[in-house]
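Here's the structure we're looking at; comments come further down.
Below, chain A is the first sequence line, B the second, and so on; all start at residue 1.
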Amino acid sequence: MSDKKLTVLIVDDSRTVLAQIESVVAANETVEVVGTARNGAEAVRQVSQLRPDLVLMDIVMPDVDGLAALRLIQSNNPETRVAMLSSVGAMASKAEEAFRLGAIQVLSKPIDEEILGALLAQECERAQS
Amino acid sequence: MGVKFFGQYLIERGEVTAEQVRAALNLMDAENRSIGELAVEGRLISKADADKVNAEQRHRDMPFAELAGEMGLLSEEQIDNLVQLQWRTRLRVGQALVRLGYLGKIRLEELLVSYEEEQAPYRIENLALPAGLEGNPLAPFAIDLFPNLLMRVARIATRMGSGEPIAEPPSLPVQVSVSVSGAPGLLICLAGDEEFSRHLAAKASGLDPESLDMEMLLDGVGEFLNVLAGNAMAMAERNGITTELEPPQTEVCFESGFLFELAVNIGNAALFLKSI
């Protein structure tokens, strides 16, 4: 076990959602938000610069959407673990595409804070083992 | 709780891993037939014509069925039948997981029952719609899910009036819309006074209501509409209807649609729906 925190990048075009996820993450002392992005292109750049352990990313965003960004992230930085968190996450077509592209989980909105908390705990455990 | 894809439900419960779902999706890809393959097998078009459509797809980003229809190779009725056939015969994720040995058959049946029970609040039955919205595949789900999601996201209790053709735009200051494209699609607009919108945005973000500026109020209402539209789209997709969601807009056009007055316990609000 190490004391290293799980580093997280949050990607969503909604300020409301960024604030909500940040508050869930803040409740876990072993997780640190290292950046936020408002669209897919910004997310791809930030992943290369910040090398977060985990990316929590929306799907429907302007310009480069979450699935296109996921494809680029997995191609440029395949070690990055990405969970999608989206209002269209319950659509089988979107969820299936995300899993095919390498997502580790697809959560639908409204955000279930308990499920998001469990995902963060699981990723912390994985990062520290 | 919320509308969810069965694979998500299984992962959330720890029944399978994301890697196992990915393997199941690969099996589905290998076994499920495309609309083009079904059309050739059913002798609705020749292999040569199917190849022409595939070649055209390299230049134009359109689904096979839509393109074949445009090229005069398939009728609308044939396309509808093919889409239904594909939907009825496709290998589902649960079945694929059983085939791969990641889930037992009996366990799958148990999980399908509990999944259906969890999803039951989101199922609709015989909802009466205004004449202009009848036949719209998304409108019944949007109307049915609205009170449930408003309570869940913001603890706002609401009763919806019947939709009336809009006479004039609602005089409420916060107005946001989302468009769902499809055939037909749906424009969903939510208008609220400051009290309603502030409460909704604060509950959705977890922030202090007094700290929210107008941009944040619009953002919060827009995010709620995203959730409403996304959940309605997921329900419609289970009936074989594919749609796409556009990000929220704050320029709302209240024309030739239906306004649903809302009796809410916090502030004032109205919902507007229009087939597009």
Contact check, side chains of [X] and [Y], non-hydrogen atoms, under 4.5 Å:
X        : Y        : result
B:Pro247 : A:Val60  : yes
B:Leu245 : A:Ser87  : yes
B:Glu223 : A:Lys109 : yes
B:Phe5   : A:Lys94  : no
B:Val93  : A:Phe99  : no

Inset, instruction - Grab the two heavy atoms, one from B:Val153 and one from A:Pro110, that are nearest each other, plus how far apart they are. - result: CG2-CB, 3.8 Å
Legend entry - Least distance between heavy atoms, B:Ala18 atom then A:Ala103 atom: CB-O, 4.3 Å
Using non-hydrogen atoms and a 4.5 Å limit, figure out which bit of [X] sits close to chain A: side chain, backbone, both or neither.
X        : result
B:Leu207 : side chain
B:Thr17  : neither
B:Ala201 : backbone

For the [atom1] atom of [X] and the [atom2] atom of [Y], what is their distance to the nearest 0.5 Å?
X        : Y        : atom1 : atom2 : answer
A:Glu96  : B:Leu25  : CD    : CG    : 5.0 Å
A:Met91  : B:Arg238 : CE    : CZ    : 11.0 Å
A:Leu107 : B:Gln8   : CG    : CD    : 7.0 Å
B:Asp219 : A:Asp13  : CG    : CG    : 7.5 Å

A quick test of your reading: do over 12 heavy atoms of other residues, nucleotides or ligands sit less than 6.0 Å from [atom1] of [X]?
X        : atom1 : value
A:Glu114 : CD    : no
A:Arg126 : CZ    : no
A:Arg71  : CZ    : no

Legend entry - When A:Val88, A:Ile21, A:Asp12 are compared by non-hydrogen pairs under 4.5 Å with chain B, the top option: A:Val88
Legend entry - Which of A:Ala118, A:Gly102, A:Ser23 touches chain B most, by non-hydrogen pairs under 4.5 Å: A:Gly102
Legend entry - Contact winner vs chain A - B:Glu244, B:Glu12, B:Glu246, B:Met28, heavy-atom pairs under 4.5 Å: B:Glu12
Legend entry - Whether B:Glu237 side chain and A:Ala92 backbone form a donor-acceptor pair below 3.5 Å: yes
